[in-house]
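Since the structure comes first, as structure tokens, the remarks are kept for the end.
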Amino acid sequence: MDYATMEKTFNFSDVEKRTSDSWLRSGSFSVDCAAIDSGRSCYAIMMPPPNVTGVLHMGHLLNNTLQDILIRRASQRGEVAFWQSGTDHAGISMQVRVEKDLLSKGLDAKKMSREEFLRHAERWRDEHGDIILRQLRRLGVCCDLTRKVHTLDRDYSNCVLRGFVELYRRGHIYRGRRIVNWCPVSKTAISDEEVFTREVDGHLWRIRYELVDEPGKYIEVCTTRPETIGGDVAIAVNPNDLRYTDFLGKRCWRPFPREAIPIIADEAVDKSFGTGALKITPAHSAVDFEIGQRHNLPVRDAMNEDGTMNELAGKELAGIDRGAARVKSIEILRELGCLVSSEPHRSALGISERSGVPIEPRISEQWFLRYPHIDLAKRAVEEGHIRFFPRRWEKTYIHWLNNIHDWCLSRQLLWGHRIPVWYRIGADRQDPENWHVSIDGPADSENWERDGDVLDTWFSSAFWPLGTLGWPDDKLMETRKFSKFYPTHTLVTGPDIIFFWVARMVTMAVTFLGNDLKGKNLCEIVPFRNVYFTGIVRDNLGRKMSKSLGNSPDPIELLDRYGADSVRFGLVSSTPLGQDILFDEKNLELGRNFCTKLWNACRFRLMQGPPSDRCDFASSVAAAADGADVFDHQMASTLLAAFTTSRELLEGGGQGKSERRYLFQASLQTLEHFFRDDFCDFYVELCKWRLKELGNRKGQTLAMQDLILRTLLQLLAPFMPFITQELWNQLNFGTADEALHLVQLPDLGYALKANNLLATELELEQVAAFRMALTQLRAMTPSGFCGSLLFGQLPSSKPFEEKFRRPLLAMLGNIGVKNVEKIPENVAAVDTPWGRFALEANDGLSAESFAKIKDALALARRNIAANRAKLDDGTFLAKAPQNVVEGARRMLKENLELEAQLLGRLEGSGEVI
RNA sequence: GGGCGGCUAGCUCAGCUGGUUAGAGCAACCGGUUUACAUCCGGUAGGUCGCAGGUUCGAGUCCUGUGCCGCCCACCA
């Protein structure tokens, strides 16, 4: 009889498509509003919104697989799981992207009006912005796309602007003329976080400035930026620097454009660097700017916004780019006789993360945020209201908050949230009296003009958990169930955006909710309770994936070739906690092999008989328990152990291991190990014999397999949703169109116990001994062995029951057994609770086995010596805990016995040692 | 200049509060199977736990120092 109806292998492309459709059709990705209202507990994850300009990469795959696992598992626990998805408008990148796109169509963005440009950008976004989210569907992500949010959506924008206005009203946002990081390519200010430093080899030039009133006498300064000399407004020295006491209060000539500038004293100058004298260019250096402020110096901005020099830099440099201007300025200085010397110098240069060019410290008028409630943001993490996994990132977070600088919020771009500030037309913009700050603008709008700048993209991202859930609009918050889903449960993201995003979300949340919700505890207003930091996906040589190296695989192609489940398996199983991931396609092959094996285990089950018509867990357990034997009991216990361990590793809750959770890899490994080693290699092999010889137990045997498979499929479902769903259907475990991730995990421990399926201590020992004996006997069975098994019962041993004897022989390959009085001393033997086993040997010890016995003997003697030494040590006996001492005693006893046995064998073989 | 992480088998990593003979997967090697398993199973070998001290009855695990590798932060022109 052949019941097999399944294909031979898992055809993932058909199944993925069919299954996806079915999940969507049945609404299994939608949030169950009825359930929320009925009081079920709620679980939410905010997906880090991919940029609209983004291209799907391995990092997305990993990050979203992990979130998907958490969400599906939450559903399986019976919680109402909500996974917020959406996209980020991606300020600068998007503007650059669209400009490029327009250029390729022969259109010049710079000649367009704001409105015209935005129309193009919006069209581009609507066409391309969601691509990643759609591609993620291929991976199986179960987020609810009907609730996706884009950061420029009306409601969300409203939230962002409301945040700005509120922060302004509370005095945290101010407008100021200060030095900012200027990107000369994008022609906008950027935040400190968008600048990374790179060590660059350059020169330190020593330049002399002649004193105005004492020709022939000079003061020398050192600089790396001679092109900014035109911006010099003073020379500063440290007030305690005795070398320069005479120079103070005098004036010297700026070499070019030639002009007299004062020599001043300021504490900020380092005596030990260079000559100890510093040229002050307030428009081109943050330190100089501060010094300038203190001494009321003018600001001479010698540079244009595109990084070229202007007239103030001297007419020789005007219009020349800053790089070329540096070379030129040195030539000029040399001609003027002002260049004293030059030496190689290595310095840290700020690079714009966006355009890759050196940033320019530039004086400009911008909006800044003085971070509010840093104390609360710190406490949230320090006091454990938000927990980081791995924990060490807490230090990075706290350190950043401790050294925080004001945040330059405004960007000189078109794409983004336009700053909600209006200036009275024709009036002084410096004067706050002429400002209007609100979401809707002034009533007499004809008298006002709006600020042309937009907000930093990350400012809007900081509101993600608030804005997506409808804050600050009461009605929206009600329909989006803010009160149920906030605080969200877990944030899954990369440690590289702790500053950009994580810390800022916390800051905004505690600032706004701390005020609105009076009397609430900090733990109720944080945006998320846990943050899981993923590693960076690197190639198998540990290199960062990059286009130029060509080492970044195309995720879609991988999904095409291996299937989503294999890709997910491969990613998860190469994810160590808190370290970077070395991606190797080999892991995807392992994933595929695992899928094939899982598929075939289920196929084998169906080959033995039709699927059960019991589709509920309870009757499945009952059927499995009816007539179960010691092996079934042991399997049930092992299943429970895997069930519990796997869940604890992922979901936490283990005893004495409080912080251990989110161990995706270990959790999956536990299941794989159970499936392969316990279920397939032992239990199914045992069942093959059982099905052949014990026809009357077939029903129970298959029921037991069903119980194990259905539990396993459920546990694996979050990791590999497609194949498990398909097998679940094929095996008839659920009702038609039932989404596996919505089927609640059973209370397995209770059910097994209630049905007397769990093994006793004795049974566990027996099966362990059985499997040990099987392993050892297999190991010593030569290939093609056709002798028989010798069995010698010892006086102290327990009876070797039929229930162990028959399966043992069957699993050894159906060899015969001979009961003997005594196992000969010269053969390798296996000791079990039932007696001593050996394979009948035709000849004496081979050289090989002789060597083995000698090795074993040496090891036994080492152990004997080690344990004797311990037990002879009075301090050890006095101080070590009882169980450790007993362990040592047992070890000694066992090894002494082993030694005797091995010696006996060697003697029996006539060998002398 | 600060800070963080890594260094355990050829490779990638486990190893929780110090306690039996340091583990897994992959690769290697040997053997078997190809009527569940585009495979699978069984087995073998492989480690002075970066180095040096210290604490302890006992250290991969704790402390101190140190060496490499990587990352982050920092206004010395």
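Order of the sequence lines fixes the chain letters, A, B, ..., with proteins taken first and strands second; residue numbering starts at 1 for each chain.
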Restricting to nitrogen or oxygen on both sides, can you table the protein-nucleotides 57-62 of chain B pairs closer than 3.5 Å?
from	atom 1	to	atom 2	distance (Å)
rC57(B)	OP1	Lys879(A)	NZ	2.5
rC57(B)	O2'	Asp873(A)	OD2	3.2

Is there any protein nitrogen or oxygen under 3.5 Å from a nitrogen or oxygen in nucleotides 68-77 of chain B, and what are the pairs?
from	atom 1	to	atom 2	distance (Å)
rC76(B)	O2	Asp270(A)	OD2	2.2
rC76(B)	N3	Asp270(A)	OD2	2.8
rA77(B)	N6	Asp270(A)	O	2.8
rA77(B)	N6	Phe273(A)	O	3.2
rA77(B)	N1	Asp270(A)	N	3.2

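Shown here are the side-chain hydrogen bond (donor to acceptor under 3.5 Å, both in side chains) partners of Gln705(A), two or more places apart in sequence or in another chain: there are none. For the side-chain hydrogen bond (donor to acceptor under 3.5 Å, both in side chains) test, no residue two or more places apart in sequence or in another chain qualifies with Trp393(A). Among residues two or more places apart in sequence or in another chain, the side-chain hydrogen bond (donor to acceptor under 3.5 Å, both in side chains) test is passed with Tyr209(A) by Asp232(A). Applying the side-chain hydrogen bond (donor to acceptor under 3.5 Å, both in side chains) rule to Ser329(A) yields no partners; only residues at least two apart in sequence or on another chain are considered. Residues passing the side chain to side chain contact (heavy atoms under 4.5 Å, CB included) test with Ala642(A) are Thr670(A), Phe674(A), sequence neighbours excluded. Annotation: salt bridge (Lys or Arg N to Asp or Glu O under 4.0 Å) contacts of Asp580(A) (sequence neighbours excluded): Arg538(A).
Among the nucleotides rC37(B), rU21(B), rG5(B), the one closest to any side-chain atom of Thr596(A) is rC37(B).
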Intra- and interstrand pairs of RNA chain B - dot-bracket, Watson-Crick/G-U under 3.5 Å, | marks other strand = (((((((..((((.....[...)))).(((((.......))))).....(((((..]....))))))))))))....

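Counting only residues at least two apart or in different chains, salt bridge (Lys or Arg N to Asp or Glu O under 4.0 Å) contacts with residues 871-882 of chain A are absent. Sequence neighbours left out, the pairs with a member in residues 338-348 of chain A that pass side chain to side chain donor-acceptor pair (under 3.5 Å) are Asp201(A)-Arg346(A).
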Go along nucleotides 23-28 of chain B 5' to 3' and tag each nucleotide: B for a protein heavy atom under 4.0 Å from its base, S when only backbone or sugar atoms are that close, - otherwise.
-> ------

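The distance from atom CD of Glu394(A) to atom P of rG3(B) is 19 Å, rounded to the nearest whole Å.
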